[in-house]
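Working notes, beginning with the structure itself.
Indexing begins at 1, ligand by ligand and atom by atom, following the structure's order.
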Amino acid sequence: MPGRPRMPASLRNTFTVKKGGSSSQLLSLNIDLFRNLIFFLFLLRWTRKGLLKLKGRGLLGTFADTYISIRRTLYGLFLRAPGVRSQVEKQVTEAITKLQTKLIPTGPGVVRYLTLPKEGWSDETVLKELETLASMDHTKWEDGYVSGAVYHGGDALIKLQTEAFGKFTVANPIHPDVFPGVRKMEAEIVAMVLAMFNAPSGAAGVTTSGGTESILMACLSARQKAYAERGVTEPEMILPETGHTAFQKAGTYFGIKVHLVSCPAPSYQVHIPSVSRLINSNTILLVGSAPNFPHGIIDDISSLSKLALKRKIPLHVDCCLGSFLVPFLEKAGFETELFDFRLKGVTSISCDTHKYGFAPKGNSTVLYRTALLRSYQYFISPEWLGGVYASPNMAGSRPGALIAGCWASLMNVGEIGYINSCNQIVGTAKKVAEAISENPGLCNDLEVIGKPLVSVVAFTSKTLDIYDIADAMSAKGWHLNSLQSPPAIHVAITLPIVKVWEKLVADLEAVIEGEKEKERVRIVEGKGAKGKSLGDSAALYGVAGSLPNKSVVVELASGFLDTLYKA
Ligand SMILES: *Cc1c(COP(=O)(O)O)cnc(C)c1O
Ligand SMILES: *[C@@H]1O[C@H](CO)[C@@H](O)[C@H](O)[C@H]1NC(C)=O
Ligand SMILES: *[C@@H]1O[C@H](CO)[C@@H](O)[C@H](O)[C@H]1NC(C)=O
């Protein structure tokens with residue numbers, strides 16, 4: 001501590017100084033005063049922080065947060081205790097080894113290329129090896145067994161995209177004079193997506209490498225705007241807890257504090273009064289999803305927009321997943337809600353062309369209500385020795401081929417094509433949701449989360465361990481997504497799944513029956529623990545996920561990332 005609050009005494013001293021004290025006395029008294037002043041500023045700052053926290057989270061919320069953080073620290077200490085530490089390390093190493101054997105092919109047939117071939121391979125040899133790589137044993141996305149991931153996969157479109165790539169392999173939009181066609185296509189893609197989201201005149205956008213980059217850019221723009229216009233140096237943003245984690249990545253990358261707001265049942269939309277309470281002078285951005293990734297629910301964007309307007313704070317709507325579905329819900333004859341620029345408070349929108357826009361992977365857009373907002377994400381380096389440098393987003397050089405692939409896809413599918421696919425995809429999602437809530441083999445054990453209006457159907461189990469169901473579905477060749485808090489799984493319907501949804505439902509019924517049978521056996525034989533090894537869904541989310549401090553999960557995930565780069 002820099003000192004104790006002795007202001008009155010020192011003030012008294014300052015006055016007595018007038019009666020001819022020596023200059024050294026004066027100096028020491030001034031230092032004293034200065035020190036006390038600093039201390040008061042320090043106190044003021046922390047009091048303000050404490051009060052904002054109380055206002056934002058309420059008394060109970062503040063207590064709960066403190067309790068959770070104490071538990072986390074204590075559990076962290078426990079994990080580091082000598083005996084425990086070695087046990088944990090052993091388990092983590094085992095799990096990572098298991099992961100490696102699953103991901104890295106082994107056996108006599110596998111040849112590893114760890115250095116450049118001395119002499120380049122012939123075209124035929126390269127093509128033959130590529131063929132082998134493409135047909136490595138994998139989860140069959142081609143047959144519709146994977147949730148999300150591959151959004152179109154139609155042969156004709158793939159062929160067209162490949163041809164578009166071929167024509168623009170060397171193109172790089174960083175040189176618009178060398179590749180004018182790429183510049184034109186990129187600008188047109190932005191214009192088309194702006195029109196889909198009812199952007200007002202004066203609106204602007206850029207293309208990016210994916211939803212994550214679009215979200216990073218929207219957060220950066222909001223941060224720079226708040227700094228330039230309001231001098232905010234300790235930025236904060238308010239997210240639904242169901243919002244994509246790319247916003248938390250933005251928080252980490254750009255030093256923005258993240259407040260998470262719960263999305264309570266039965267609507268599972270972000271709780272608006274809680275958002276309102278968290279707003280303070282440091283708030284740079286509010287966020288809503290249309291829809292969110294975990295549960296496929298569209299937040300109450302109208303209310304968020306009203307709040308944003310009233311408090312004069314930017315509002316970002318994450319349509320990365322909604323992409324080319326939500327703008328067409330109405331035209332495809334489905335129920336919808338307002339989510340785009342027609343709501344005056346919405347200042348930016350992210351929309352992935354590479355999800356339901358069916359463009360090749362590595363493509364997304366971020367749209368702004370005004371060109372000024374867009375300019376806040378620009379990076380311009382006027383004095384660089386390499387020349388004046390300006391780039392609109394994260395990357396420097398960018399593949400023109402992808403832009404051509406994206407443009408070709410949008411032009412090829414067209415509005416009617418997107419309305420048709422919306423019809424099929426959302427129609428299938430509704431059938432799956434209906435089956436889960438009404439089929440006798442499913443409705444007693446499963447429960448759909450909220451009321452999904454788009455392509456994702458998330459569900460929990462009232463009677464069984466949902467992660468056991470996820471693992472059993474994996475054993476049947478399906479790749480569904482496991483979720484946490486609450487424990488659930490989801491399926492994101494894509495065109496390949498549209499053709500096999502009935503099999504999905506049938507397999508789900510079989511799995512439920514199987515799990516119930518196992519449960520009966522367990523009860524009869526009186527066996528408690530189910531014996532899991534870290535690495536299954538059930539262990540990762542059920543066991544490790546329930547720990548108060550997730551450092552074990554962090555270690556596992558970090559080991560997973562290392563595995564990706566093991567040749
Ligand atoms: C997929 C997704 C993103 C991020 O997109 P990437 O392209 O994977 O970076 C963001 N928000 C939502 C809701 C998404 O589903
Ligand atoms: C969680 O545990 C790890 C390992 O013991 C520790 O380093 C970390 O600080 C803990 N986290 C918190 C928030 O206390
Ligand atoms: C597609 O991805 C490339 C590579 O990241 C990027 O340069 C380009 O701007 C993207 N285009 C679109 C339309 O999303």
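Protein residues are said to neighbour a ligand when one of their heavy atoms lies under 4.0 Å from it; for ligand 1 these are Gly210, Gly211, Thr212, Ile215, His244, Pro291, Phe293, Asp318, Cys320, Leu321, Asp352, His354, Lys355.
Every atom of ligand 2 is numbered from 1 in the order shown, and the set under 4.0 Å from a heavy atom of Arg72 is 12 (C), 13 (C), 14 (O).
Sorted by first and then second residue, the side chain to side chain donor-acceptor pair (under 3.5 Å) pairs with a member in residues 325-350 read Asn198-Asp340, His316-Ser348, His316-Ser350, Asp318-Ser350, Lys331-Glu415, Glu335-Lys451, Asp340-Arg342; sequence neighbours excluded.
Crowding of Lys430 atom NZ: a count of heavy atoms from other residues, nucleotides or ligands under 6.0 Å exceeding 12.
Protein heavy atom closest to atom 6 (C) of ligand 2, with residue, atom name and distance, is Arg80 NH2, 3.7 Å. Closest to atom 10 (C) of ligand 2, if we only count protein heavy atoms, is Asn549 ND2, 2.5 Å. Of the protein's non-hydrogen atoms, Ser551 OG, 3.7 Å is the one closest to atom 4 (C) of ligand 2.
Using a 30° and 60° split on the angle between ring planes, Tyr356 and Phe358 fall in the perpendicular class, above 60°. Tyr418 and Phe328 have parallel rings, their planes meeting at less than 30° on a 0 to 90° scale where 60° marks the start of perpendicular.
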Ignoring hydrogens and angles, write down the donor-acceptor pairs under 3.5 Å from the side chains of residues 244-254, residues two or more places apart or on other chains.
residue	atom	partner	partner atom	Å
His244	ND1	Ala246	N	2.9
Thr252	OG1	Gln248	O	3.0

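Polar contact check, Gly76 against ligand 2: a nitrogen or oxygen pair lies under 3.5 Å apart.
Contact annotation for Thr73 and ligand 2: heavy atoms of both the backbone and the side chain come within less than 4.0 Å of the ligand.
Arg223 contributes no side-chain N or O that, together with a main-chain N or O of Ile284, makes up a donor-acceptor pair within less than 3.5 Å. Panel note: side chain Asp300, backbone Ser303; a donor-acceptor pair is recorded below 3.5 Å.
For Val456, the side-chain contact (heavy atoms from CB on, under 4.5 Å) test picks out Leu321, His490, Ala492, with sequence neighbours left out.
Between Lys53 and Glu236 there is no salt bridge, since no side-chain N of the basic residue sits under 4.0 Å from a carboxylate O of the acidic one.
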